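Residue numbers begin at 1 in each chain, while the letters A, B, ... track the order of the sequences. Source: prediction; values computed, not measured.
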Amino acid sequence: MKELNKLYSPGDFEDRIYGLWMENDCFKATIDRSLTPYTIVIPPPNITGQLHMGHALDETLQDILVRYKRMQGYCTLWLPGTDHASIATEAKIVEAMRKEGVTKDDIGREGFLERAWDWKEKYGGRIVEQLKKLGSSCDWSRERFTLDEGCSNAVKEVFVRLYEKGLIYKGERIVNWCPKCCTSISDAEVEHEEQQGNFWHIKYPLEDGSGFVEIATTRPETLLGDSAVAVHPKDERYKDIVGKNVILPIVNRAIPVVADEYVEMDFGTGVVKITPAHDPNDFEVGLRHNLPIINVMDEHAVINENGGKYCGQERYEARKNIVAELEELGLLVKVEPHSHNVGTCYRCSTTVEPWVSKQWFVKMKPLAEPAIECVKSGDTKFVPERFEKIYFHWMENIRDWCISRQLWWGHRIPAFYCDDCEETVVSKETEVYCPKCGKKMRQDEDTLDTWFSSALWPFSTLGWPENTEDLDYFYPTSTLVTGYDIITFWVSRMIFSGLEYMGKTPFDTVLIHGLVRDAQGRKMSKSLGNGIDPLDIIDNYGADALRLTLVTGNSPGNDMRFMDEKVIASRNFANKLWNASRYVMMNLPEDFEDTGLPETLNIEDKWIIGKFNSVVKEVCDNLDKYELGIAVSKIYDFIWDYYCDWYIELSKPRIFAGGKDKENAQKVLVWVLKGALKLLHPFMPYITEELWQNLTDSASFIMLEKYPEYNADLGFEGAMNDFEKVIGAIKAVRNIRTEMNVPNSTKAKLYIETADIELFTSCAMFFEKLSGANGIEASEKVSIEKCATAVTESARIFIPLSELIDTEKELARLAKEKDKALKDIEIISRKLSNPGFLEKAPEALVNQEREKLIKAEDRLNKIEKSIAELG
RNA sequence: GAGGGUGUAGCUCAGUUGGUUAGAGUACCUGCUUGACAUGCAGGGGGUCGAUGGUUCAAGUCCAUUCAUCCUCACCA
């Protein structure tokens, strides 16, 4: 048995332990048809990313579940991998290139992709190494990447199938366009932010010279692309001008006045300019009225040739100039400040420009329906349940999904065009020839939304579309653990994809966690610079302390604040456990043989074993209900309060006395410690493994041990009740000693008046060790003068420290206790005299209250007796 | 505009299907070099559970109203 250091220093062993696990293939899942599978696929971190607290929380929760299930004997797979994150990665590479003075056009598609793969090699590995630092027990032999061959195959397969089913189509639609990333983005990728802008009121002259209509707009530059103005069909004010034309200022184009219900009569002037090419609502109006789509901007949001003399001006520059010209023309009526929500790109925060372009879409309605049903029926459950509302809301209001991106880093769209005959073919092949004219076809230049491949992650990683054994055994996966911020982006898309291609929901349960915020409750962000690096925390306090911090007091779906004080508390717990183990080990003989529990158990042994047993039951119940924070706090309390503060202290007299009793104590110490280590292992894998290895000196791994199970034979109810009486008495004595300012070094014999003479007599040692007694004497009747009395439910304990006791003070103290006892009795009696309570409350509860009343009355009697004796 | 979260000790948060006189960590106060640990031990003070009303024998927990705060979705040009 190795001697442990006095201080817990995780840096000494965490990496070594992880290495041991890896060398011994401890994380590897080997299919065993006789076992039930438990599968988690990791939410793949971006290859651009550095590990942040969000990952740390996410991975910690997953690792806890996986380690728990693995120890319970499930065939457990945690499948890891990374995401190519098309738009985010491409933006980073472009930025890096910009610093070198190189553009995408300079190096072309192939040159760019070469750089991107280099980037992946360089940084994709970094995040994986960081995940390992946390202790993540992923099966690294199955690691995947969204852009690897298998996942790419799955993407092509899905695209082709959906296309053939008519669920993928290409069309000219208005999309959200990011002029900085130079790509379309989906509705989900648009973030709305409140911005202070203006309402410009502008007069459009009627063509027949009979006057003007006044419109109001927040984006005057788009008037270059107006193809109508609209009023509400029921608006009496404008009834007469419907059908007439107005002259578009600056452009001098005649455009019609149309009637459409989209217009709100009460808002603004009741007249709306219609710009189908640059506003999603206007686009719809345009379709209804057959209006031309006049696109006035290029992909950088610079005014194009349709903008006449404003061609070449950036959108905000054009805005300024157009307003100035309108003012000159006398057509600008007024400018009102107006705050409104503006869509911005979730990656670069640039204001999104609604822009008409040819894009690929997924028709969502048919896919959404089964996905809604799957959650409604409970095939997939959200924890906590309230997130189902978010899911339903999104699914029920779903719009078609724009999946094409004008990027190079990603899965290239498997659509091919014939330049000669305009034929389109969608195919998994890389070279395609026109079925009509035989000419080699040109592949679509665009790539797919990065979430398109993530949507397939739970089965593409298991080998789909191949019929692999992994897929057959591990799908559907068991639990998906992720933050509420990507329910719509990712979770919902996996669900409809899993249902569509596998015919089964991808996971039974979605465990949702919140965000990790800074100490002030702010979101951790780069711009605020308030991020805390998990790796720094690991360096300073250890991965186990970080993990414990993240899971303690954390309940599903709720945000948490991260602060150093919490990590220090976690580290202190690790140190406590470390030293408790150190105590156990340093008191074991060199040749200690672990033969389990001894044949004869002392009362305190039964008490700690019984406690352990009931904690096991509770912890398993909590874990099964995903109450990880509650589970860990119970283990924490068990180890610190019961095992360390009570049982270890109780063991000391026996350990130092030697003999058979010492041997028995050693066995119980080891048995409970081992059990506690196993119980804690999923939460704090490193320290528990390190201690286990030292404690057992064997080649076994705690992570592969069986998780403790509740054992009805280890209840020891009677012993536990008895021993609680002793604990109560010890506490009461300590209490009085503190109040009387008597240090433990001032010993006193205790005289205990009790019905449990045998019990207390047998526990004399504990009173000596834990409450400064030098000997006790227990009997049915004690009478001592000038004495402090500790009163518990089962005893009166006389502490004869006559020289230290002030009779007045002691009387006052007893009077206070008496008040409390009276109050207790009053509360319980009130309950028991309530006929409603007696009638309707469960019988067990009523009996419990009756017992309480008896105890409280008994206590009161004892106190009154002491008062009488003293007075 | 719609939906949702949160509000419990100075601070950070737990509190499971309603059922002891509401808990933990931390901070604070008092005492302790007790042979694992001062990253420790013992003891203590501190909360009308945001407010009001209701259901119930019983409400921190369920319902309604309200205040504060945060978030998500949608959006009127």
key: Short side-chain to backbone donor-acceptor contact, A:Arg517 and A:Met524, under 3.5 Å   = no
request  = Would you indicate what A:Ser633 reaches in the nucleic acid, counting non-hydrogen atoms under 4.0 angstrom: base, sugar-phosphate, or nothing?
outcome  = nothing
request  = Identify whether any heavy atom of A:His192 sits under 4.0 Å from a base atom; if not, whether one sits that close to sugar-phosphate; answer base, sugar-phosphate or nothing.
outcome  = base
query = When rounded to the nearest 0.5 angstrom, what distance separates CZ in A:Arg582 from CG in A:Leu4?
reply = 7.5 Å
ask   = Is A:Leu845 touching bases, backbone alone, or none of the nucleic acid, heavy atoms closer than 4.0 Å?
value = base
ask   = B:C62 and B:U6: how far apart are their P atoms, nearest whole angstrom?
value = 10 Å
message = Applying ring-ring contact (aromatic ring centres under 6.0 Å, His included) as the test, list every pair that has at least one member in residues 816-850 of chain A; sequence neighbours left out.
response = none
query = If the C1' atom of B:G46 is compared with that of B:A22, how far apart are they to the nearest Å?
reply = 14 Å
ask   = How is the base pairing of RNA chain B summarised as a dot-bracket string, given the Watson-Crick and G-U wobble criteria with both distances under 3.5 Å, [ ] for crossing and | for another strand?
value = (((((((..((((.....[...)))).(((((.......))))).....(((((..]....))))))))))))....
key: Along RNA chain B (nearest heavy atom to each residue), the more 5'-positioned of A:His393 and A:Arg386   = A:Arg386
query = So with a 6.0 Å cut-off around OH of A:Tyr642, is the heavy-atom count from everything else above 12?
reply = no
inquiry  = What's the gap between B:G15 and B:G31 when it is taken at their P atoms, as a whole Å value?
reply    = 37 Å
Those residues that, when tested against A:Asp539, pass salt bridge (Lys or Arg N to Asp or Glu O under 4.0 Å) (two or more places apart) = none
message = Aromatic contact between A:Phe489 and A:Tyr346, with the criterion being ring centroids under 6.0 Å apart: yes or no?
response = yes
query = Do any of residues 846-860 of chain A sit with a heavy atom less than 4.0 Å from RNA chain B, and if so which?
reply = A:Lys852
remark   = The correct set of residues in residues 228-235 of chain A placing a heavy atom under 4.0 Å from RNA chain B is none
key: Whole-Å C1' distance, B:C63 and B:G23   = 26 Å
ask   = Closest to the A:Asn341 side chain: B:G5, B:U26, B:A74?
value = B:A74
key: Residues within residues 260-279 of chain A bordering RNA chain B, heavy-atom distance below 4.0 Å   = A:Tyr262, A:Val263, A:Glu264, A:Phe267, A:Val272
Whole-Å P distance, B:U39 and B:A27 = 11 Å
inquiry  = I'd like the C1' distance from B:C67 over to B:A51, given in whole Å.
reply    = 7 Å
message = With no hydrogens and no angle check, just 3.5 Å: does a side-chain donor-acceptor pair link A:Ser745 and A:Lys747?
response = no
ask   = Rounding to the closest angstrom, what is the interatomic distance between B:G7 and B:C49 at atom P?
value = 14 Å
request  = Please work out if A:His338 contacts a base, only the sugar-phosphate, or nothing of the nucleic acid, heavy-atom cut-off 4.0 Å.
outcome  = sugar-phosphate
key: Donor-acceptor side-chain pairing of A:Ser186 and A:Glu189 below 3.5 angstrom   = yes
query = How far, in whole Å, is B:U61 from B:U8 if one measures between their P atoms?
reply = 14 Å
request  = For the pair A:Leu57 and A:Asn554, evaluate side-chain contact (heavy atoms from CB on, under 4.5 Å) and give the outcome as yes or no after the intermediate values.
outcome  = CA-CA 10 Å; A:Leu57 173 62; A:Asn554 191 346; 3.4 Å; yes
key: Rounded distance in Å - OH (A:Tyr636) to P (B:C13)   = 17 Å
query = Whole-Å distance between B:A24 P and A:Ile635 CD1?
reply = 18 Å
query = How close or far is atom P of B:C71 from atom CD of A:Glu191, stated in whole angstroms?
reply = 12 Å
N/O donor-acceptor pairs under 3.5 Å from side chains in residues 625-637 of chain A, not counting sequence neighbours:
{"residue": "A:Tyr626", "atom": "OH", "partner": "A:Thr479", "partner atom": "OG1", "Å": "3.3"}
{"residue": "A:Glu627", "atom": "OE1", "partner": "A:Asn622", "partner atom": "ND2", "Å": "2.7"}
{"residue": "A:Ser633", "atom": "OG", "partner": "A:Ile630", "partner atom": "O", "Å": "3.0"}
{"residue": "A:Lys634", "atom": "NZ", "partner": "A:Glu618", "partner atom": "OE1", "Å": "3.2"}
{"residue": "A:Lys634", "atom": "NZ", "partner": "A:Asn622", "partner atom": "OD1", "Å": "2.9"}

ask   = Would A:Ser614 and A:Tyr710 count as having a side-chain donor-acceptor pair, cut-off 3.5 Å?
value = no
ask   = Does a donor on one side chain and an acceptor on the other come within less than 3.5 Å for A:Asn579 and A:Tyr8?
value = no
ask   = So, A:Tyr541 versus A:Asn572: side-chain donor-acceptor pair below 3.5 Å or not?
value = no
Distances for protein N or O near nucleotides 53-58 of chain B N or O, under 3.5 Å:
{"residue": "B:C57", "atom": "OP1", "partner": "A:Lys840", "partner atom": "NZ", "Å": "2.0"}
{"residue": "B:C57", "atom": "O2'", "partner": "A:Asn834", "partner atom": "ND2", "Å": "2.6"}

ask   = Do A:Glu214 and A:Thr269 have side-chain N/O donor and acceptor atoms under 3.5 Å apart?
value = no
request  = Tell me which residues in residues 622-631 of chain A put a heavy atom below 4.0 Å from RNA chain B, sorted by number, or none.
outcome  = A:Asn622, A:Lys625, A:Glu627, A:Ile630
Under 3.5 Å donor-acceptor, A:Asn530 side chain and A:Ser525 backbone = yes
message = Protein within reach of the bases, or only the backbone? For nucleotides 27-42 of chain B, mark each nucleotide 5' to 3' as B, S or -, using heavy atoms under 4.0 Å.
response = -------SBBBSBSSS
Check: A:Glu336/A:His201 side-chain N/O donor and acceptor closer than 3.5 Å = yes
message = How many whole angstroms separate atom CD of A:Glu193 from atom P of B:U72?
response = 12 Å
A:Thr344 side chain to A:Thr351 side chain, donor-acceptor N/O pair below 3.5 angstrom = no
ask   = Do A:Lys731 and A:Thr792 have a side chain donor and acceptor closer than 3.5 Å?
value = no
ask   = Nearest-Å distance, CZ (A:Phe392) to C1' (B:C73)?
value = 16 Å
request  = Could you tell me whether the side chains of A:His289 and A:Asp260 share a donor-acceptor contact shorter than 3.5 Å?
outcome  = yes
message = Would you say that more than 12 heavy atoms from the other residues, nucleotides or ligands in this model lie under 6.0 Å from the CZ of A:Arg399, or not?
response = no
ask   = If you count the non-hydrogen atoms of other residues, nucleotides and ligands that lie under 6.0 Å from CD in A:Glu843, is the total more than 12?
value = no
inquiry  = Quick test of your reading: applying salt bridge (Lys or Arg N to Asp or Glu O under 4.0 Å), list the pairs with at least one residue in residues 847-856 of chain A, sequence neighbours left out, ordered by first then second residue.
reply    = A:Lys831-A:Glu849, A:Glu849-A:Lys852
inquiry  = Do A:Arg219 and A:Trp200 form a cation-pi contact, if we require the NZ or CZ to be under 6.0 Å from the six-membered ring centre and within 45 degrees of the ring's axis?
reply    = no
message = Can a donor-acceptor pair be found, under 3.5 Å and without considering hydrogens, that links the side chain of A:His340 to the backbone of A:Thr218?
response = no
Under-3.5 Å N/O pairs linking protein and nucleotides 10-12 of chain B:
{"residue": "B:U12", "atom": "OP1", "partner": "A:Arg561", "partner atom": "NH1", "Å": "3.4"}
{"residue": "B:U12", "atom": "O2'", "partner": "A:Lys566", "partner atom": "NZ", "Å": "2.7"}

inquiry  = At 4.0 Å (heavy atoms only), tell me whether A:Ser555 reaches a base, stays on the sugar-phosphate, or touches nothing.
reply    = sugar-phosphate
message = Let's go through A:Val335 and A:Phe199 carefully: what are the C-alpha distance in whole Å and the side-chain angles of both, what is the deciding distance for side-chain contact (heavy atoms from CB on, under 4.5 Å) to 0.1 Å, and is it a yes or a no?
response = CA-CA 6 Å; A:Val335 185; A:Phe199 239 156; over 6 Å; no
